[in-house]
Structures are given as structure tokens and as C-alpha cells.
Amino acid sequence: MANETDPVRELLRKRSVKELKEMLRLEGYDPDQISGIEKEELVERLWLLQQNPVEEDEYPLPLYSNCLPQVVLRGMLVAGVEAFALSYWTSWRNVFLIVLLTAIGLVVRNILIRKNKSEKLRKRQ
């Protein structure tokens, strides 16, 4: 079989189980949840992961968020911390304007990113 002579699989087979679990951790999986699996099955799953890598979003949401509620919560946290820190150096009116400009900047960035994403998706189809 061609699968048995695959050089990537052979390299994976030569690694220890600890090294294979570390590779899984680097891929974003929790290696502590893996137990009772034979080494050969672990090699097979890692090989499949390497053949079909997860596509990363080129334009993620702002503030390292992966969903809209997370953006809102993190935005509120950033606004609060920014307002608190700026309140020591400037008046509350200026603090409000700076926080508002920051929020507007994030909203505009997010709108432009979504627009670019939709254009790229239309070009692919």
C-alpha cells in the first residue's frame, strides 16, 4: 500500500508518544484527554491533521475575538480600562471622546474586514 511507505507517516512513527502528544498540543488539542489510544492510531490521526490543516481566518474579529458577543465584552473591558487610565490625565469629556473614537475605529475596521472577506468569497465562487 502507498500509505505504508509515506515518509511523513514514517517520521511520525519514529517519534515517541510524548512527542506526538506535544504535536497535538501545538495543533490546539488537549493531549491530556487522549488516553487508551494506541500509538499507531495516534500517528494516523496526526497524519490526517497534517494533510488537512485547519484554515486560519486571515482577518479575525478585533481584540482577538472569535464571536460577536466576545467582541462586545472585550470592547467594554478595553473602554473601561482606557477610561479609567485616561481619567488621571485629562477631563471626562476628553476621555469620552477618546473612548468613542477608539470604538468607532474598531467598528470601521470590522466593517471593512467583513467587506473584504465577502469580496474574496465572491471571487472564489
Side-chain angles (χ1 to χ4, degrees):
M1 257 179 128
N3 294 344
E4 299 302 323
T5 60
D6 186 18
V8 176
R9 279 190 178 143
E10 290 304 317
L11 288 173
L12 289 173
R13 283 186 184 116
K14 290 179 183 176
R15 293 180 180 246
S16 69
V17 173
K18 186 176 180 181
E19 290 174 322
L20 295 173
K21 284 188 175 186
E22 179 63 22
M23 289 175 71
L24 275 176
R25 189 189 64 73
L26 293 174
E27 290 286 334
Y29 296 95
D30 186 8
D32 296 331
Q33 292 181 346
I34 299 171
S35 62
I37 296 177
E38 294 182 18
K39 181 180 177 182
E40 191 59 36
E41 188 176 349
L42 192 57
V43 166
E44 192 65 29
R45 289 185 182 188
L46 268 169
W47 181 81
L48 283 172
L49 276 174
Q50 290 178 350
Q51 300 304 311
N52 303 314
V54 176
E55 189 175 317
E56 289 190 30
D57 193 356
E58 189 176 346
Y59 303 104
L61 290 171
L63 305 175
Y64 297 102
S65 304
N66 57 9
C67 63
L68 196 55
Q70 199 174 46
V71 171
V72 171
L73 289 173
R74 289 181 180 184
M76 289 170 49
L77 176 68
V78 168
V81 170
E82 188 177 14
F84 176 76
L86 288 173
S87 68
Y88 285 101
W89 290 290
T90 186
S91 69
W92 278 104
R93 184 182 63 115
N94 291 341
V95 168
F96 178 74
L97 289 174
I98 293 170
V99 170
L100 186 65
L101 287 173
T102 303
I104 289 171
L106 284 173
V107 167
V108 168
R109 175 192 178 270
N110 202 20
I111 290 170
L112 292 174
I113 286 172
R114 286 182 181 212
K115 183 179 173 184
N116 288 340
K117 273 184 177 180
S118 64
E119 286 176 3
K120 282 188 175 185
L121 285 174
R122 268 189 261 131
K123 286 180 183 177
R124 286 183 191 170
Q125 296 173 355

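What you see is a predicted model; the values in this text were computed from it and never measured. Start at 1 with the first residue, then count along the sequence.
Distance check, rounded to the nearest 0.5 Å: CD of Q51 to CZ of R9 gives 7.5 Å.
Residues passing the side-chain contact (heavy atoms from CB on, under 4.5 Å) test with L73, sequence neighbours excluded: none. Under the side-chain contact (heavy atoms from CB on, under 4.5 Å) criterion, V107 pairs with I111, not counting sequence neighbours. Applying the side-chain hydrogen bond (donor to acceptor under 3.5 Å, both in side chains) criterion to E19, with sequence neighbours excluded, gives no partner residue. For R45, the side-chain hydrogen bond (donor to acceptor under 3.5 Å, both in side chains) test picks out E41, with sequence neighbours left out. Scored by the side-chain hydrogen bond (donor to acceptor under 3.5 Å, both in side chains) test, T102 finds E82 as partners (sequence neighbours excluded). Every residue two or more places apart in sequence or in another chain that forms a side-chain contact (heavy atoms from CB on, under 4.5 Å) with A83 is listed here: W92, V95, V99.
At a threshold of 4.5 Å between side-chain heavy atoms, the hydrophobic network of Ile, Leu, Val, Met, Phe, Trp and Tyr places V78 and L101 in two separate groups. Following chains of ILVMFWY side-chain contacts shorter than 4.5 Å, one cannot reach L11 starting from W47, and the two form parts of different hydrophobic clusters. Using a 4.5 Å cut-off between side-chain heavy atoms of Ile, Leu, Val, Met, Phe, Trp and Tyr, with links allowed through other members, F84 and M76 fall into different hydrophobic clusters. L48 is connected to V43 through a chain of hydrophobic side-chain contacts under 4.5 Å among Ile, Leu, Val, Met, Phe, Trp and Tyr, so both are in one cluster.
What you find for K39 and R13 is that their closest heavy atoms are NZ-O, 2.8 Å. Between L12 and L20 the shortest heavy-atom distance is O-CD2, 3.7 Å.
Side-chain contact between F96 and R93 is absent, with no heavy atoms from C-beta onward closer than 4.5 Å. Side chains of N94 and L86 form no contact here, defined as non-hydrogen atoms less than 4.5 Å apart.
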